[in-house]
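Reading through the structure tokens given below for one structure.
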Amino acid sequence: MLSAEDSVWMAQALQLAERGLYTTTPNPRVGCVIAKGGEQLGEGWHERAGEAHAEVHALRAAGIAAKGATAYVTLEPCSHHGRTPPCAEALIAAGIARVVVAMQDPNPQVSGQGLARLRAAGIEVDCGLMEAPARALNAGFVSRMSRGLPFVRSKIAMSLDGRTALNNGVSQWITGAAARRDGHHWRARSCAVLTGIGTVLADDAQLSVREAQATRQPMRVVLDSTLKMPLSARILQGGNVLIYTATRDTQKIAALETAGAKVEVMAATNGRVDLTACLKDLAARGCNEVLVEAGRTLNGALLQAGLVDELVLYMAPQLLGDLARGMAQLGELTSLDQRVELKWLDVSQIGQDLRILASVQRR
């Protein structure tokens with residue numbers, strides 16, 4: 001039976017897992033605490049793919065004291081040999097008496113097998129404690145494993161009346177410096193930053209992490225159906241750029257690849273790259289979370305296709321008027337049944353602006 005003490009240790013394990021927020025991709029963020037008799041014996045968290053998992057770090061810290069103890073893990077211990085040995089076997093070998101798990105691993109290679117292996121070894125197993133925060137922490141990994149799609153967030157800076165740029169295209173800067181710095185943290189935790197060629201041509205944005213601590217840069221991904229990308233674009237600097245296109249212009253492709261980009265020709269609909277196909281390809285490349293930083297056309301297309309999971313909205317205390325550009329081009333809605341419905345997750349003040357987190361509700 002789960003106790004209040006179990007919740008305390010699991011909460012600590014979740015805090016440990018958060019330390020991997022910017023580093024674990026494509027692996028999930030996992031934390032582990034080993035305790036016995038109200039005393040913590042060891043703790044650990046997974047930092048990078050290919051390195052030791054959280055359970056291994058915690059067992060090393062606990063040493064021989066781990067025998068007869070309880071391990072609190074935010075994700076089901078793995079049961080297969082990947083780049084590291086299975087953690088379920090490590091827990092068994094250490095003599096752990098009980099394992100409390102926040103959530104079952106959605107990875108088909110693991111799902112339920114780690115828990116079954118522990119139970120077969122005579123270890124008491126409880127699963128489901130604090131599952132909601134554990135799932136939220138790994139929303140991208142869960143999405144990739146269960147849907148074959150990354151978790152997609154669209155970050156939009158706008159005025160109070162929902163405008164993202166003047167009618168002439170000027171948009172820098174609607175929000176303040178604090179909000180822009182905060183936006184770099186969302187980039188840093190993402191596997192990829194996705195934009196459209198229109199935004200590249202209008203803003204010449206780099207889409208790199210510069211105002212947050214990062215041990216890696218996310219892949220920069222551009223949807224460019226007809227390959228309008230100029231070779232002088234700043235986004236091409238530094239490599240790790242992927243361009244999805246619908247054209248097979250070998251000369252343009254060769255020039256862009258010489259400039260350091262990877263170009264993928266994708267299936268097209270009405271001359272535009274298929275959005276679902278692009279996202280599935282990103283998932284196949286190990287992308288858990290994708291951050292969209294784009295204009296109203298791509299934001300609208302993704303929302304209409306049901307491919308956006310969450311919105312990160314920065315709202316400035318200003319009005320730009322009805323002639324300014326909106327946040328998403330959805331076309332004319334003739335029925336309220338066609339609206340995009342949201343659920344508020346959080347509202348915070350960042351500098352002079354508001355940051356609103358909202359999940360997109362699917363019917």
Side-chain angles (χ1 to χ4, degrees), residues 17-29 45-51 136-141 143-144 150-158 164 171-197 199-200 202-224 229 232-244 259-262 278-279 282-283 285-295 298-299 302 308-314 346 348 350-351 353 355 357:
E18 286 180 13
R19 295 186 187 181
L21 195 64
Y22 305 118
T23 62
T24 62
T25 184
N27 285 3
R29 298 139 183 162
W45 55 282
H46 180 50
E47 184 174 350
R48 289 182 182 84
E51 297 184 4
L137 185 62
N138 284 307
F141 182 76
S143 178
R144 181 165 67 88
F151 187 88
V152 177
R153 286 188 184 89
S154 189
K155 180 176 78 69
I156 303 173
M158 63 185 189
T164 59
S171 62
Q172 297 180 341
W173 298 103
I174 291 176
T175 52
R180 295 197 296 275
R181 282 195 300 272
D182 189 72
H184 279 251
H185 290 277
W186 294 100
R187 284 184 188 175
R189 68 175 285 171
S190 301
C191 306
V193 179
L194 175 67
T195 194
I197 186 60
T199 298
V200 173
D203 299 337
D204 197 19
Q206 292 176 272
L207 298 183
S208 57
V209 179
R210 301 182 300 280
E211 297 190 41
Q213 288 188 345
T215 58
R216 59 161 182 84
Q217 289 288 340
M219 186 187 337
R220 276 93 47 87
V221 182
V222 184
L223 303 184
D224 186 3
M229 175 74 74
S232 59
R234 292 199 301 165
I235 199 170
L236 295 176
Q237 299 170 9
N240 201 23
V241 176
L242 175 62
I243 300 173
Y244 288 122
K262 171 67 176 173
C278 291
L279 290 174
L282 288 176
R285 293 170 186 268
C287 289
N288 292 332
E289 296 181 19
V290 171
L291 182 69
V292 179
E293 296 195 40
L298 182 53
N299 277 319
L302 288 166
V308 178
D309 298 291
E310 194 170 279
L311 295 176
V312 183
L313 306 174
Y314 294 95
D346 180 70
S348 303
I350 308 293
D353 306 309
R355 184 190 67 195
L357 303 184

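The structure displayed is predicted, hence computed values, not measured ones. Residue numbers count from 1 along this sequence.
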*State, with a plain yes or no, whether a side-chain heavy atom of V308 is found less than 4.5 Å away from one of V292.*
no
*Residues in salt bridge (charged side-chain N to carboxylate O under 4.0 Å, His left out) contact with E47, at least two apart in sequence or another chain*: none
*Taking atom CD1 of I350 and atom CZ of R355, what is their separation to the nearest 0.5 Å?*
4.5 Å
*asked:* Just verifying a value: how many Å separate L302 CG and L194 CG, rounded to the nearest 0.5 Å?
replied: 6.5 Å
*Identify the residue among E211, Q217, E293 that makes a side chain to side chain donor-acceptor pair (under 3.5 Å) with R187.*
E293
*So which heavy atom on G286 is nearest to which on P26, and how close?*
O-CB, 3.2 Å
*With sequence neighbours excluded, what pairs up with R234 under the salt bridge (charged side-chain N to carboxylate O under 4.0 Å, His left out) test?*
D204
_If I compare all heavy atoms of A17 with all of L137, which pair ends up nearest, and what's the gap?_
CB-CD2, 3.4 Å
*Would a distance-only check, ignoring hydrogens and angles, find a side-chain to backbone donor-acceptor pair under 3.5 Å from R180 to T175?*
yes
*Residue list, side-chain hydrogen bond (donor to acceptor under 3.5 Å, both in side chains) with R220, at least two apart or on another chain*: none
_Main chain of L21, side chain of R29: is a donor-acceptor contact present, judged purely on distance under 3.5 Å?_
yes
*Minimum heavy-atom distance between A192 and V221, given as atom pair plus value*: CB-CG2, 4.0 Å
*Give the minimum heavy-atom separation between I235 and A205, together with the two atoms involved.*
CB-O, 3.5 Å
*asked:* Under the rule for side-chain hydrogen bond (donor to acceptor under 3.5 Å, both in side chains), what residues qualify as partners of D203, not counting sequence neighbours?
replied: none
*Look up atom NZ in K155 and atom CG in L311, then write down how far apart they are to the nearest 0.5 Å.*
12.5 Å
_Atom pair CG/CG of N288 and L282 - distance to nearest 0.5 Å_ = 11.0 Å
*Is a side-chain N or O of N138 found less than 3.5 angstrom from the main chain of P28, in a donor-acceptor match?*
no
_Suppose we screen for side-chain hydrogen bond (donor to acceptor under 3.5 Å, both in side chains). Which residues come up paired with Y314, at least two apart in sequence or across chains?_
D182, W186
*Might you point out which heavy atoms bring V200 and A233 nearest each other, and give the distance in Å?*
CG1-CB, 4.3 Å
_Chi angles and distances behind the salt bridge (Lys or Arg N to Asp or Glu O under 4.0 Å) call for E289, R153_ = CA-CA 8 Å; E289 296 181 19; R153 286 188 184 89; 2.7 Å; yes
*asked:* Are the side chains of L291 and R189 in contact, using a 4.5 Å heavy-atom criterion?
replied: no
*Which atom names give the shortest non-hydrogen contact between P218 and V193, and what distance separates them?*
CG-CG2, 3.8 Å
*asked:* What I'd like to find out is whether the side chain of T25 reaches to under 4.5 Å of the side chain of R216, using heavy atoms alone.
replied: yes
*Counterpart residues, side-chain hydrogen bond (donor to acceptor under 3.5 Å, both in side chains), relative to R48 (two or more places apart)*: none
*Using distance alone, with no hydrogens and no angle criterion, decide if S154 and N299 have a side-chain donor and acceptor under 3.5 Å apart.*
yes
*From I243 CD1 over to I197 CD1, what is the distance, rounded to the nearest 0.5 angstrom?*
7.0 Å
*Separation of Y22 OH from S190 OG (nearest 0.5 Å)*: 10.0 Å
